[in-house]
Enquirer: 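Quick one: this structure, given as structure tokens, is what I'll be asking you about.
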Amino acid sequence: MISVRGLRKHYQVHKRPPGLKAALRSLVHRDYTAVKAVDGISFDIQPGERVGFLGPNGAGKTTTLKVLAGLLHPSEGEVTVDGHVPRFREEAFLKKIMLVMGQKQQLLWDLPPSETFELNRAIYDVPRLQYKQTLDELVSLLELEELIGKPTRQLSLGERMKCELAAALIHRPRVLFLDEPTIGLDVSMQVTMRAFIKAYNEQTGATLILTSHYMDDVAALCPRVIVIDKGQLSYDGSLDALVQRVRPEKRVVLRLGQPVDAALLTPLGKVVSHEPGSAVLQVQQDAVNATVGRALSTLPVTDLTVENAPLEEVMSELFQEGKARRAEAAREEVPA
Amino acid sequence: MSLRTSLKALPTLLRIGFSEAVAYRAEMIIWVLATTMPLIMLALWSAVARGGPVGRFGQAEFTGYFLAAFCVRQMTSSWVAWLVSYEVKQGTLAMRLLRPISPLLAYATEVLAGIPLRVAIVLPVLGISVWVAGAERAVPTSLGGWGLFALGIAGAWLITFYLNVLLGTLSLFLESSQKLMEVYMVLFFVCSGYMFPVEFFPPGVRTVMEWLPFRYQMGLPVELLTGAHAAKEAWALLAAQWAWVAGLGVVSTVVWRRGLARFAAFGG
Amino acid sequence: MNAKRYLRLLGVQLKASGLLALQYRADFLAEGLTSLAWTFTALAPLFVVFGARPSIEGWTFHESLLVVGWFTLLQGVLEGAISPSLTGMVEHIRKGTLDFVLLKPADAQFLVSTQRFLPWRAVNVLSGVALFVYAFVSLGRWPSLPGVFASLVLLGTSMLILYSLWILVVSAAFFVVKVDNLTYLFTSIFDAARWPSSVFRGSLAWVFTFIIPLALMTTFPALALLGRLPWTWLVGAVVGAVAFAAVARWVWLMSIRHYTSASS
């Protein structure tokens, strides 16, 4: 469905130093610095996959997404989406895709969302019958009945985002790019959005690519993640395997019937947190069984669960690793 | 986008554009109040004409001319330059580019969809003009005259639209195109026949004006509305106007395409 | 209200704008050139009008230049100190950040009207003064000392009226949805002040004297410089300007109340 080979996107950024002299000089001669937003990444995505792009701010996630949507031209590399080269922006291609950006809206601000839906129907040339079917489905799934008649400006952020998503799906895109779709939404709204996006993918078999700062989005939606760091691909595979690799340790979460002494916990594993009614231990994977056994026999345990490390921690550790690796590489370069 | 799909989408685009125009009716009233300069100029030139006619213009002729200028401005005005530069700054141009329809066509329909409301304002003003200045100084008296005016106002609309596209697109190349828009507005006010008929320019300057586009945005349709030209003269001026339409059409489309290529290279 | 605190606040805002302006010193050149081009292009209609008649409603070409001079000077004030804040206000309303301003423990009107200055636009003030000098050299005489004094008083009242007009326009921003056009409305109303007010007759004259006191802003100071302004008019102008400012302040307070009660 999607194939990316050696994608590079370098920007020339014009530097304008302060001061009159420099300003006048820059009229004649401009200094540029190259910014490598994306620096050689390759991957393939099969039809119907749900893939999450992860990476710190400025890693190149959005740039990659925009290249895939045909909004940015790659500096180098081959990109195809369902047989189309995105940058040609062919009509057939544009009708197959959609990009939803949590921070930019396409809804007409002072008209009800229903008007934007109607507009998109006309622009995407959706047959009436199919339009009605799709819209009815969207309205009932996202619970929009009350909303689509009100002017967009009167909707809350969450309501607006639901309508935004509906507007993006009127033409039933085969490939859906989602850039921070749940930004600023409350937790229950995030859950609704996730469930809906997943249902859309399962029903229509559409391919889905998502970037998000909320790890929960990624964990709930994307069996596969692609980690981009400083414009380079640092991981491509299943989310579970990533967690295994970065943080092989498991967490044993204990609920305690009565407070216990810290000295009782330390022999069991690394104490992550310890409060009167609970404790969290970090242990090697192969030691989980032994730890659980010992905890049950030596502590007043009322409840016990074994979990992976929180995704946020996994990610920050991964990015720290990347930073350290780059620093090392830089040190090695210095003598040469 | 293919022509067929565009044409099919057009009625819906216009209908929704019209709903938007209705939603922004308060803003349109403000816009109308902001474009009352012809009335100020009418007061000024009436004061001048109290001492006797200026050229072929007496008080009645000035009334017909400036009320016509007010009407033409309402019908031909375009805010695409501001819209484009705003969308470039906000990055929402990207949302427009995702759609399988030419953004230029979308901008054009947005402006066109507002015209019915503007006609509702223009008609009473034309009525007043007929009443005060007399029919022969306010509107064409023959069907052919109305035809020439229709052609002239369509050309004026297109020139204004293309100039707007051109100015708006420049915001893709320059950090701030605001200054340029200000310069354009001043040139438009002075050179187009908006503040005074272009025939008041001294002969040398007038020839220059005939070669600039501004006169065809305002002066020509106003003159056609008030019946200032014989048919032969009118056709010659219309030919010049449509030459500008064709030229600006090509130039603005080319610059727009280049602007988009740059947008795709640098991002929003 | 603590006057000293507000003066200090004003100082802070001015300093910030000044520093910003110094960073973009190349703009000085651009501002200067466009301002000059503006002034001369804007004179074209004057040439055309006075090409038809040597004097209109008792004003000769060079006397009218004084009105244009005041217009240009006030335009500098408008674009340098008043419009930038208006644009900022429009931005506040669009982005919904006006609430932050209303939350601050200082007068909201003061805060929105001092948030931004464009010092380089003051070039227009110099163009205005240059027009005065040229006009008086051409007239072959100089203004009397009381005349200059009266015109300086009127400069104060003009700025007060201009500022009040601005507050009225901003107040309108609370009631309309799309506010971008307001700046344009403001400048285009002001544009009528380019002409001596005596050319306007009937209802227009009434509007421009009492509703939108453009006559007070440019024609009165020009008359004062020419020594043709009766003292009673000067007093009337001062009283009128203060009254106008009071009305504007009242409308502003009403609008704020409307805004805070309407947006929940």
Enquirer: Among B:Cys191, B:Ser46, B:Ala47, who wins on heavy-atom pairs under 4.5 Å with chain C?
Expert: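 Between B:Cys191, B:Ser46, B:Ala47, the count favours B:Ala47.
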Enquirer: For B:Pro197, which atoms come within 4.5 Å of any heavy atom of chain C: side chain, backbone, both, or neither?
Expert: neither
Enquirer: Who wins among B:Pro202, B:Gly55, B:Gly52 for the most heavy-atom pairs under 4.5 Å with chain C?
Expert: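 It is B:Gly52.
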Enquirer: Given the rule in the side-chain contact (heavy atoms from CB on, under 4.5 Å) test, do C:Leu185 and B:Trp31 qualify, once you have shown the distances and angles that lead to the verdict?
Expert: CA-CA 7 Å; C:Leu185 174 65; B:Trp31 168 257; over 6 Å; no
Enquirer: Is B:Phe196 close to chain C through its backbone or its side chain, or both, or neither, when contacts mean heavy atoms under 4.5 Å?
Expert: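 Just the side chain, heavy atoms under 4.5 Å.
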Enquirer: Do you know which two heavy atoms are closest between B:Val48 and C:Arg53, and how far apart they sit?
Expert: O-NE, 3.3 Å
Enquirer: To the nearest 0.5 Å, tell me how far B:Leu44 CG sits from C:Arg194 CZ.
Expert: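 Reported value, rounded in 0.5 Å steps: 11.0 Å.
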Enquirer: Quick one: what part of C:Phe208 sits under 4.5 Å from any heavy atom of chain B, side chain, backbone, both or neither?
Expert: side chain
Enquirer: Can you tell me how far apart OG1 (C:Thr187) and CE (B:Met185) are? Round to the nearest 0.5 Å.
Expert: 9.0 Å
Enquirer: Quick one: pull up CD1 in B:Ile40 and CZ in C:Phe200 and give me the separation to the nearest 0.5 Å.
Expert: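 Between B:Ile40 CD1 and C:Phe200 CZ, I get 4.5 Å after rounding to 0.5 Å.
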Enquirer: With chain C as the partner, which of B:Met195, B:Met37, B:Met41, B:Arg50 has the greatest number of non-hydrogen pairs under 4.5 Å?
Expert: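 Heavy-atom pairs under 4.5 Å are most numerous for B:Arg50.
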Enquirer: Just wondering, do B:Phe200 and C:Val49 contact through their side chains at under 4.5 Å, heavy atoms?
Expert: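 Sidechains of B:Phe200 and C:Val49: no contact.
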Enquirer: Is the closest side-chain heavy-atom distance between B:Trp45 and C:Val199 below 4.5 Å?
Expert: no
Enquirer: Grab the two heavy atoms, one from B:Val190 and one from C:Ala44, that are nearest each other, plus how far apart they are.
Expert: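 Distance-wise, the nearest heavy atoms are CG1-CB, 3.7 Å.
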Enquirer: Which region of C:Ile56, side chain (C-beta onward) or backbone (N, CA, C, O), has a non-hydrogen atom less than 4.5 Å from a non-hydrogen atom of chain B, or is it both or neither?
Expert: side chain
Enquirer: Could you pull out the closest heavy-atom pair between B:Ala34 and C:Ser188, with the gap in Å?
Expert: O-OG, 3.0 Å
Enquirer: Heavy-atom distances under 4.5 Å only: say whether B:Trp82 touches chain C with side chain, backbone, both or neither.
Expert: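 Neither part.
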